[in-house]
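Written below as structure tokens is the structure these notes are about.
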Amino acid sequence: MKFVLLESRGGNYLVVANNIAWLRTGENGQTNVGMVGGSPLLVTGSIEEVAEKVMAGAGSN
């Protein structure tokens, strides 16, 4: 299980990379991160920046 640190303006999230279902551009330079079985998270950074973090965290065990 690989965790990814995603920063938010209200606090940081440590999420399991394999539980991320989708990314969507949010407001004010932020990105919505869809979670399997949960509500989306609003994190800082462009969709490309967040995708890079997720891909780095989803690497092989």
Side-chain angles (χ1 to χ4, degrees):
M1 186 175 344
K2 300 283 184 165
F3 288 90
V4 178
L5 177 64
L6 299 176
E7 293 86 11
S8 170
R9 292 182 181 165
N12 298 332
Y13 298 100
L14 193 58
V15 300
V16 176
N18 289 337
N19 287 348
I20 297 174
W22 50 263
L23 302 175
R24 183 172 60 205
T25 301
E27 57 189 28
N28 300 320
Q30 299 178 90
T31 298
N32 286 302
V33 179
M35 303 301 297
V36 174
S39 299
L41 307 173
L42 185 62
V43 300
T44 57
S46 69
I47 196 168
E48 292 83 7
E49 293 168 338
V50 175
E52 188 174 311
K53 289 181 184 181
V54 171
M55 294 306 294
S60 63
N61 296 330

Please assess V50 against L6 for the test side-chain contact (heavy atoms from CB on, under 4.5 Å), listing each intermediate value before the final yes or no.
-> CA-CA 8 Å; V50 175; L6 299 176; 4.2 Å; yes

How long is the gap from CG on L41 to OG on S8, to the nearest 0.5 Å?
->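 Nearest 0.5 Å value for the CG-OG distance: 8.0 Å.
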
From N19 atom CG to K2 atom NZ, the distance as rounded to the nearest 0.5 Å =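 Those atoms lie 15.0 Å apart.
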
Does any non-hydrogen side-chain atom of F3 lie less than 4.5 Å from one of V16?
->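 In contact.
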
Given side chains that start at C-beta, do those of L14 and V4 come closer than 4.5 Å, heavy atoms only?
->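 No, their side chains stay 4.5 Å or more apart.
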
Pair listing, salt bridge (charged side-chain N to carboxylate O under 4.0 Å, His left out) test, anchored in residues 31-53, at least two apart =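 Found E7-K53.
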
Please report the closest heavy-atom contact between V43 and Y13, naming both atoms and the distance.
->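 Of all heavy-atom pairs spanning V43 and Y13, the closest is CG1-CD1, 4.0 Å.
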
Path from L23 to V15 over hydrophobic side-chain contacts below 4.5 Å |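 As far as the 4.5 Å side-chain criterion goes, V15 and L23 are connected within one cluster.
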
Side chains of residues 26-36: which donor-acceptor partners sit under 3.5 Å, not counting sequence neighbours?
residue, atom, partner, partner atom, Å
Q30, NE2, E27, O, 3.2
T31, OG1, G45, O, 2.7
T31, OG1, S46, O, 3.4
T31, OG1, I47, N, 3.2

